[in-house]
Amino acid sequence: MTEIEITYKLIDMDLLNICDAIQSEYWGKALSTDKLLRAFETSFCVSVKVDGKQVGFARAVSDTVTCSYIRDLVILKNYRGQGFGRRLMKGLLAHPDLNDVQSWFLGTKSAHAFYEGFGFQKSPSGIYMFLHCK
């Protein structure tokens, strides 16, 4: 029987493998391993493991009360399409330090249907603004 585990402790995660996975995606190509590791330390992270092997990772940046921004969610390529992304997303939304969060935000170019399955809605107003430094 397959054992699926959700963990919230960075020490229990294979962060270098996750850095590689994020850097292979369109949104992570410009991020160095050092910068990702620093970002993980100040984020709320979750991973999904299958039979002890980490197959996915997600993180949110949050004030823990009013809002959380989902920055990364990645499933290793060989494990996609098997429901692990849904398990990971449920784990992130249930993160023990984020129980009081009122609003969740994210940006994606391609996974709208996935997030809509969790109740996310596309922004019709275009009110989001960004400042890109460097």
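Scope of the values below: all heavy atoms of this structure, side chains included, with no hydrogens, waters or symmetry mates. Count residues from 1 along the sequence. Predicted model only: the values in this text are computed from it and were never measured.
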**Student:** Do you see a donor-acceptor pair shorter than 3.5 Å between the side chains of Thr7 and Gln54?
**Tutor:** no

**Student:** Looking only at heavy atoms, what is the nearest atom pair of Leu88 and Val48, with distance?
**Tutor:** CD1-N, 3.8 Å

**Student:** Any sub-3.5 Å donor-acceptor pair from Asp51's side-chain atoms to Glu3's backbone N or O?
**Tutor:** yes

**Student:** What is the distance from atom CG of Leu92 to atom CG of Leu98, rounded to the nearest 0.5 Å?
**Tutor:** 7.0 Å

**Student:** What's the separation between atom SG in Cys19 and atom CZ in Phe57, rounded to the nearest 0.5 Å?
**Tutor:** 8.0 Å

**Student:** Would you mind telling me which of Thr42, Asp34, Leu36 makes a side chain to side chain contact (heavy atoms under 4.5 Å, CB included) with Arg38?
**Tutor:** Asp34

**Student:** Working to the nearest 0.5 angstrom, can you tell me the gap between Phe40 CZ and Ile22 CD1?
**Tutor:** 4.0 Å

**Student:** Does one hydrophobic cluster hold both Val61 and Phe120, with members joined at side-chain heavy-atom distances below 4.5 Å?
**Tutor:** no

**Student:** Measuring from Ser68:OG to Leu106:CG, what's the distance to the nearest 0.5 Å?
**Tutor:** 11.5 Å

**Student:** Any side-chain heavy atom of Thr33 sitting closer than 4.5 Å to one from Leu16?
**Tutor:** yes

**Student:** Look at the side-chain heavy atoms of Ile, Leu, Val, Met, Phe, Trp and Tyr, link any pair under 4.5 Å apart, and say whether Leu73 and Val50 land in one connected group.
**Tutor:** yes

**Student:** Search all heavy atoms of Trp104 against all heavy atoms of Ala60 and return the closest pair with its distance.
**Tutor:** CZ3-CB, 4.1 Å

**Student:** Identify whether Phe105 and Phe118 are in the same connected component of the hydrophobic contact network (ILVMFWY, side-chain heavy atoms under 4.5 Å).
**Tutor:** no

**Student:** Could you tell me which non-hydrogen atom of His112 sits nearest to which non-hydrogen atom of Thr108, and how far apart they are?
**Tutor:** NE2-O, 3.2 Å

**Student:** Does CZ belonging to Arg80 count more than 12 external heavy atoms closer than 6.0 Å?
**Tutor:** yes

**Student:** Any side-chain to backbone donor/acceptor pair from Lys49 onto Asp12? Under 3.5 Å, distance only.
**Tutor:** yes

**Student:** Where does the angle between the aromatic ring planes of His95 and Phe44 fall among parallel (under 30°), tilted (30 to 60°) and perpendicular (over 60°)?
**Tutor:** perpendicular

**Student:** Is it true that atom OH of Tyr79 has more than 12 heavy atoms of other residues, nucleotides or ligands lying nearer than 6.0 Å?
**Tutor:** no

**Student:** Considering all heavy atoms of both residues, which atom of Tyr8 and which atom of Met13 are nearest to each other, and what is their separation?
**Tutor:** C-CE, 3.7 Å

**Student:** Measuring from Asp63:CG to Cys67:SG, what's the distance to the nearest 0.5 Å?
**Tutor:** 4.5 Å

**Student:** Can you tell me if Asp20 uses its side chain to pair, donor with acceptor, with the backbone of Asn17 under 3.5 Å?
**Tutor:** no

**Student:** Measuring from Ile18:CD1 to Ser47:OG, what's the distance to the nearest 0.5 Å?
**Tutor:** 7.5 Å

**Student:** Please give me the minimum heavy-atom distance between Leu76 and Lys53, naming the atom from each residue.
**Tutor:** CD1-NZ, 4.3 Å

**Student:** Of all heavy-atom pairs between Ser32 and Gln23, which one has the smallest distance, and what is that distance?
**Tutor:** C-NE2, 3.4 Å

